[in-house]
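Structure below; questions to follow.
When a residue number appears, it is its place in the shown sequence, counting from 1.
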Amino acid sequence: MPAISFQSVSKTYATPRGSFQALDGVTFDIEEGEFFGLLGPNGAGKTTLISVLAGLVRASSGRVLVRGHDVQQEYAQARRQLGVVPQELVFDPFFTVREALRIQSGYFGVKNNDAWIDELLENLGLADKATSNMRQLSGGMKRRVLVAQALVHRPQVIVLDEPTAGVDVELRQTLWQFIARLNREGHTVLLTTHYLEEAEALCSRIAMLKTGRVVALERTSELLKSATSNVLRFKLDGALPGEFEGKARVTGRIVQLPAHDAHEIEQHLAVIRQAGLRVEDVEIRKADLEDVFIDVMTAPRPEVTA
């Protein structure tokens, strides 16, 4: 039995101009114990899919099961299996961190779990904030509390919706060490993130959404093997020649171009030299998940089904 099963899930929203289809027949399973990545650009439908999973949004058609429980027909049983860390910083300003975790436990009927709360506080770097009021915490600390609240009832399925957006490196490392430990202990993890290096390092399998449809669904290692080229990376002062538009990833002075072989690398560099530009720190690297992601999102591909 899968930990999560999305079965032909569609969601259409009514708008002043008609309707908008956020999800279009999404179908795939996440197996027990997987660390699964859900990727896609803004507006692809990731958060809508997670909202359907959590029972916050009703699908227009299709079903979602959590460990065999329908999220609509058996909401309480399904929700008890889930621990969801939302994108938004939502907190009650009237309680301390420990009080917030005890209250969250009560929502799931969990009592006398102070030992687990202490473990969460310690592993998420919150031990010294246990008696602090929630409104006194920094944004990063509030994010840690959201993670603790999602885990306080010991869910078998952990859903992380952009959990490290806007947080410091220390929290990212602390969080991933703890979540990786829980995954090793058998917990299923579903992650959405725009930090593709995190997905590449953590996720054994990945689905990519584009305009509400699954356009890639494969093991991470297989996705990386599917990359069609290496990458030429260099620093450049000045504007990149126009013929590279749409091909290059440019971050400040750093330019990255796909290159299939040595001949194409030399061609790229020759064009840049002919434009009177000088490159620095030239290197060749293997394609990473971000390169694969860009290929998938820009290339016309048929819908993928599990």
Results of ring-ring contact (aromatic ring centres under 6.0 Å, His included) for H268 - residues two or more places apart only: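 H268 satisfies ring-ring contact (aromatic ring centres under 6.0 Å, His included) with F244 only.
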Give a yes or no on whether V85 and W116 share a hydrophobic cluster (residues Ile, Leu, Val, Met, Phe, Trp, Tyr; joining criterion: side-chain heavy atoms under 4.5 Å apart).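 Yes; tracing contacts between hydrophobic side chains, which count when under 4.5 Å, links both residues.
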Please name all residues satisfying ring-ring contact (aromatic ring centres under 6.0 Å, His included) with F95, sequence neighbours left out, ordered by chain then number.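 So F95 forms no ring-ring contact (aromatic ring centres under 6.0 Å, His included) with any residue.
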N/O donor-acceptor pair under 3.5 Å between D70 side chain and Y75 backbone: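 Side chain of D70 to backbone of Y75: no pair is present.
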Applying side chain to side chain contact (heavy atoms under 4.5 Å, CB included) to V97 and T131, what does each step give before you reach the verdict? CA-CA 6 Å; V97 172; T131 59; over 6 Å; no
Main chain of G33, side chain of T188: is a donor-acceptor contact present, judged purely on distance under 3.5 Å?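 Side chain of T188 to backbone of G33: a pair is present.
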Please examine the side chains of R219 and S204, heavy atoms only from C-beta on, and report whether any two atoms are closer than 4.5 Å.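 In contact.
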Let's go through D291 and K286 carefully: what are the C-alpha distance in whole Å and the side-chain angles of both, what is the deciding distance for salt bridge (Lys or Arg N to Asp or Glu O under 4.0 Å) to 0.1 Å, and is it a yes or a no? CA-CA 9 Å; D291 301 306; K286 292 289 186 182; over 6 Å; no
Are the side chains of V152 and Y107 in touch, meaning some heavy atoms are under 4.5 Å apart?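 Answer no - side chains too far apart.
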Hey, any chance F178 and M141 share a hydrophobic cluster, counting ILVMFWY side chains that come within less than 4.5 Å of each other, even indirectly?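 Looking at the clustering, M141 is in the same group as F178.
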Sequence-distant partners of R273, side-chain hydrogen bond (donor to acceptor under 3.5 Å, both in side chains), two or more places apart: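 E266.
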Any residue meeting side chain to side chain contact (heavy atoms under 4.5 Å, CB included) with T96, in chain and number order, not counting sequence neighbours: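 For T96 the side chain to side chain contact (heavy atoms under 4.5 Å, CB included) partners, ignoring immediate neighbours, are R98, E99.
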Within the 4.5 Å heavy-atom criterion, are I272 and F234 side-chain neighbours or not?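 Result yes, sub-4.5 Å side-chain heavy-atom pair found.
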Considering all heavy atoms of both residues, which atom of S10 and which atom of G25 are nearest to each other, and what is their separation?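 Shortest heavy-atom contact: OG-N, 2.8 Å.
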Let's go through L126 and L120 carefully: what are the C-alpha distance in whole Å and the side-chain angles of both, what is the deciding distance for side chain to side chain contact (heavy atoms under 4.5 Å, CB included) to 0.1 Å, and is it a yes or a no? CA-CA 8 Å; L126 288 166; L120 289 173; over 6 Å; no
Distance in Å, L277 CG paired with D237 CG, rounded so as to fall on 0.5 Å steps: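 Going from CG on L277 over to CG on D237, the span is 9.0 Å.
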Heavy atoms, side chains only, cut-off 4.5 Å: are R233 and I254 in contact?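 In short, these two side chains touch, coming nearer than 4.5 Å.
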Just by modelled atom types, is the E31 backbone N or O under 3.5 Å from a matching donor or acceptor in the E34 side chain?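 Indeed, once roles are kept as given, a pair shorter than 3.5 Å links the two residues.
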With D128, which residues qualify under side-chain hydrogen bond (donor to acceptor under 3.5 Å, both in side chains), at least two apart?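 So D128 forms no side-chain hydrogen bond (donor to acceptor under 3.5 Å, both in side chains) with any residue.
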Answer yes or no: is there a side-chain heavy-atom contact under 4.5 Å between L289 and I206?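 Sidechains of I206 and L289: in contact.
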Ignoring hydrogens and angles, state whether a donor on the side chain of Q256 or R285 is under 3.5 Å from an acceptor on the partner side chain.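 The criterion, which ignores hydrogens and geometry beyond distance, is satisfied for R285 and Q256.
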Donor-acceptor under 3.5 Å (K210 side chain, M297 main chain):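 Indeed, once roles are kept as given, a pair shorter than 3.5 Å links the two residues.
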Are the side chain of K142 and the backbone of L137 linked by a donor-acceptor contact shorter than 3.5 Å?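 Checking the backbone N and O of L137 against the side chain of K142, a donor-acceptor pair under 3.5 Å is found.
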Heavy-atom pair with the smallest gap, counting every atom of T220 and R205: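 Closest approach of T220 to R205, heavy atoms only: OG1-N, 3.6 Å.
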Quick check on side chain to side chain contact (heavy atoms under 4.5 Å, CB included): which of L182, L191, L190 does F35 satisfy it with?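 Running side chain to side chain contact (heavy atoms under 4.5 Å, CB included) over L182, L191, L190 with F35 returns exactly one hit, L191.
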Evaluate the ring planes of F36 and F28, with Trp represented by its six-membered ring, and classify them as parallel (under 30°), tilted (30 to 60°) or perpendicular (over 60°).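 Ring orientation, 0 to 90° scale: parallel.
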Which heavy atom in A150 sits nearest to a heavy atom in P155, and how many Å separate them?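 Nearest pair, atom of A150 first, then P155: O-CG, 3.4 Å.
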Let me confirm one number: the CG-CG distance from L223 to D288, rounded to the nearest 0.5 Å.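 If I round to the nearest 0.5 Å, the distance is 12.0 Å.
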Would you tabulate the side-chain donor-acceptor contacts of residues 41-48 under 3.5 Å, counting partners in other chains and residues two or more places apart, or write 'none'?
unit_1: N42; atom_1: OD1; unit_2: H194; atom_2: NE2; d: 3.0
unit_1: K46; atom_1: NZ; unit_2: G40; atom_2: O; d: 2.8
unit_1: K46; atom_1: NZ; unit_2: P41; atom_2: O; d: 3.2
unit_1: T47; atom_1: OG1; unit_2: Q87; atom_2: NE2; d: 2.8
unit_1: T47; atom_1: OG1; unit_2: D161; atom_2: OD2; d: 3.4

Does the side chain of D29 reach to within under 4.5 Å of the side chain of S5, using non-hydrogen atoms?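 Side-chain contact under 4.5 Å: yes.
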Do any side-chain atoms of residues 52-62 form donor-acceptor pairs under 3.5 angstrom with protein atoms, and if so which ones, sequence neighbours left out?
unit_1: R58; atom_1: NH1; unit_2: Q72; atom_2: OE1; d: 3.3
unit_1: R58; atom_1: NH2; unit_2: Q72; atom_2: OE1; d: 3.1
unit_1: S60; atom_1: OG; unit_2: T12; atom_2: N; d: 2.9

Sole candidate of L49, V26, I30 that passes side chain to side chain contact (heavy atoms under 4.5 Å, CB included) when paired with L38: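 So, applying the side chain to side chain contact (heavy atoms under 4.5 Å, CB included) to L38 and each of L49, V26, I30, only L49 qualifies.
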Considering residues at least two apart in sequence or located in another chain, which fulfil the ring-ring contact (aromatic ring centres under 6.0 Å, His included) criterion with H69?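 Listed in chain order: nothing, the list is empty.
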Is there a path from L240 to V279 through hydrophobic residues (I, L, V, M, F, W, Y) whose side chains come within less than 4.5 Å of each other?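 In one cluster with L240: V279, yes.
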Measure across G125 and T174 and return the closest heavy-atom pair with its distance rounded to 0.1 Å.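 Heavy atoms of G125 and T174 come nearest at N-CG2, 4.5 Å.
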Nearest-0.5 Å distance that lies between atom CG in N123 and atom CG in D118: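 With rounding to 0.5 Å, CG (N123) is 11.0 Å from CG (D118).
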Can you list everything that forms a side-chain hydrogen bond (donor to acceptor under 3.5 Å, both in side chains) with E200? Sequence neighbours excluded, please.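 Partners of E200 by the side-chain hydrogen bond (donor to acceptor under 3.5 Å, both in side chains) criterion come out as none, since no residue qualifies.
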In terms of hydrophobic clusters joined by side-chain contacts under 4.5 Å, are V66 and F108 together?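 Result: no, two separate clusters.
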Should the heavy atoms of other residues, nucleotides or ligands under 6.0 Å from CD of E122 be counted, would the total exceed 12?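 Count not over threshold, so no.
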Taking only residues two or more places apart in sequence or in another chain, which ones pass salt bridge (charged side-chain N to carboxylate O under 4.0 Å, His left out) with E197?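 Residues passing salt bridge (charged side-chain N to carboxylate O under 4.0 Å, His left out) with E197: R172.
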How long is the gap from CD on E32 to CD1 on I4, to the nearest 0.5 Å?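 Between E32 CD and I4 CD1, I get 9.5 Å after rounding to 0.5 Å.
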Start with the C-alpha distance between V215 and L209, add both sets of side-chain angles, then the distance that settles side chain to side chain contact (heavy atoms under 4.5 Å, CB included), and finish with yes or no. CA-CA 6 Å; V215 291; L209 289 184; over 6 Å; no
With a 4.5 Å cut-off on side-chain heavy atoms, are L39 and T192 touching?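 Not touching, per the 4.5 Å side-chain cut-off.
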Count I, L, V, M, F, W, Y as connected when their side-chain heavy atoms are under 4.5 Å apart, and connections chain through other members. Are V250 and I294 then in the same cluster?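 Unlinked, V250 and I294 end up in two clusters.
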Should we say atom CG of N112 is surrounded by more than 12 heavy atoms from elsewhere, each under 6.0 Å from it?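 Result for CG/N112: open.
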Who passes side-chain hydrogen bond (donor to acceptor under 3.5 Å, both in side chains) against T193, sequence neighbours left out?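 T193: side-chain hydrogen bond (donor to acceptor under 3.5 Å, both in side chains) contacts with E198.
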State whether the side chain of T27 and the backbone N or O of S8 hold a donor-acceptor pair below 3.5 Å, judged by distance alone.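 Yes; judged by distance alone, with no hydrogens or angles, the pair exists.
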K11 NZ to D24 CG distance, which is reported to the nearest 0.5 Å: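 It comes to 14.0 Å.
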Can you find a heavy atom in the side chain of L151 that is under 4.5 Å from one in the side chain of I158?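 Side chain of L151 against side chain of I158, heavy atoms only: contact under 4.5 Å found.
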Enumerate the side chain to side chain donor-acceptor pair (under 3.5 Å) contacts for residues 143-160, please, sequence neighbours excluded, ordered by first and then second residue.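 Qualifying pairs: none.
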In Å, rounded to the nearest 0.5 Å, how long is the span from CD of Q267 to CD of E264?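 Going from CD on Q267 over to CD on E264, the span is 6.5 Å.
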